[in-house]
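Sequence positions, counted from 1, serve as the residue numbers for this chain. Note that the structure is predicted; figures quoted are calculated from it, not measured.
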Amino acid sequence: MTTPAETKKPAASAAKKLTPVLFIKAWGRYVKDDIAGFQPEEAERLIKIIKVAEAYKG
């Protein structure tokens, strides 16, 4: 039996800082004007390659 101290918690690195993006057109489940957070590499792909989002400036 494990004690609470031995129970592993999700690693903080698993919750790396997400990069918020603002969708400028529909993509997958997202529609224009949706804001969502992605890993930096995926956010860059959405902005520069697929061109469905832009950096969200809050």
Side-chain angles (χ1 to χ4, degrees):
M1 185 171 194
T2 61
T3 65
E6 296 172 337
T7 305
K8 289 189 176 185
K9 294 181 180 178
S13 63
K16 288 183 182 180
K17 291 189 179 185
L18 300 179
T19 301
V21 299
L22 171 67
F23 284 87
I24 55 175
K25 54 176 99 170
W27 183 76
R29 71 172 89 174
Y30 303 99
V31 296
K32 185 177 186 248
D33 295 330
D34 274 352
I35 300 167
F38 293 91
Q39 295 295 324
E41 300 81 16
E42 180 67 5
E44 185 174 344
R45 187 175 80 88
L46 293 169
I47 295 167
K48 294 182 178 180
I49 298 171
I50 303 174
K51 300 182 181 182
V52 294
E54 58 187 32
Y56 178 68
K57 297 177 177 81

How far apart are the closest heavy atoms of Ala53 and Ile24, and which atoms are they? N-CG1, 3.8 Å
To the nearest 0.5 Å, how far apart are CG in Leu46 and CH2 in Trp27? 4.5 Å
Heavy-atom closest contact (Asp34 atom, Arg29 atom, distance): OD2-O, 4.2 Å
Heavy atoms only: give me the nearest Ile35-Tyr56 pair and the separation to one decimal. CD1-CE1, 3.2 Å
Measure the shortest side-chain to side-chain distance between Val52 and Phe23 over non-hydrogen atoms and say whether it is less than 4.5 angstrom. yes
Can you check whether Leu18 reaches Gln39 side chain to side chain, under 4.5 Å on heavy atoms? yes
Are Phe38 and Ile47 co-members of a hydrophobic cluster defined by side-chain heavy atoms under 4.5 Å apart? yes
Minimal heavy-atom distance between Lys51 and Lys25, with the atoms involved, is O-CE, 3.4 Å
